[in-house]
Amino acid sequence: MSNSRFDSHNKSLLEATSCLEKKYDEIADALAGPGFIILDGALPDALTQRLIELISGKDGQLKRAGVGRNDDFQLNDTVRGDAIEWLEAGEPAVTEFLSAMDKLRAALNQRLFLGLCDYEAHFARYNPGAFYKKHSDAFRGKPGRKVSSVFYLNADWDFAAGGELVLYDEAGTDELVRVAPECGRLVLFLSEEFPHEVLPASRPRQSIAGWFRVKP
Ligand code: OGA
Ligand code: MN
């Protein structure tokens, strides 16, 4: 590998973490307080662009997501209509994304003693009209997902297109916030405390949804 390529790769790795690094304290305070945070321009534009190219090129490859795991697994159009692909390190943009998230994981552990031990994430694409009905990513007191993340990959999102993420209070009755899936926006929230849903959009809606987990 030529030095220049090595250098530019390392440089973008540094940039990938530095955007978020400046916000570790703010993120930890928000998770300890309201329990969620919305961050714009969370990663460097160049990395966000490469992730957009990557997911846009996967159009036919993503698989319809199911509901439940293993034996319970079922395709269910009435609950969720997204198509997904799990992220695996290898592709440089994916490796950089996962590296930024892993640094965030360590930073949250340092500040909040959450004991997060790993991060799993998938690309998700909702075709026009697709939605994900109100659900929880985790159940209180059960091991598994503790902090949910969604990173949006939609260039020039028009807010009239819909597709918002809606967070509800723990009882699932009161709407707390509506988040448009704007490019470069990262949403983090405590998985056990916020039932949420994805509203249908009039254009394709792309993201990386991920979860920081504790060991069972
Ligand atoms: C999920 C989810 C939210 C979003 O995949 O579990 O809630 O805004 N996604 O895409
Ligand atoms: Mn969810």
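We count ligands from 1, going down the list as the structure has it; atoms in each ligand are counted the same way. The chain is numbered in sequence order, starting from 1.
- Within the 4.5 Å cutoff, no side-chain heavy atoms of Glu164 are placed close to those of Val179.
- Salt bridge status for Lys103 with Glu21: absent, with no side-chain N to carboxylate O gap under 4.0 Å.
- Around the Mn ion (ligand 2), the protein atoms of type N, O or S found under 2.8 Å away are His135 NE2, Asp137 OD1, His196 NE2, listed by chain and number.
- Ring planes of Trp211 and Trp86: tilted class, angle from 30 to 60°.
- Glu85 has no carboxylate O lying under 4.0 Å from a charged side-chain N of Lys63, or vice versa, which leaves the two without a salt bridge.
- Under a cutoff of 6.0 Å and an axis angle of 45°, Arg105 and Phe212 do not form a cation-pi pair.
- Residue Leu31 comes nearest to Val147 through the heavy atom pair CD1-CG1, 4.3 Å, listed as atom of the first residue, atom of the second, then distance.
- Classification of the Phe97-Tyr119 ring pair by plane angle, with boundaries at 30° and 60°, yields tilted.
- Contact between Ala30 and Ile37 at its shortest, heavy atoms only, is CB-CB, 3.7 Å.
- Contact shell of ligand 1 (protein heavy atoms, cutoff 4.0 Å): Tyr132, His135, Asp137, Val150, Tyr152, Leu165, His196, Val198, Arg205, Ser207, Ala209, Trp211.
- In this structure, the separation between OH on Tyr126 and CG on Leu199 is 10.5 Å, given to the nearest 0.5 Å.
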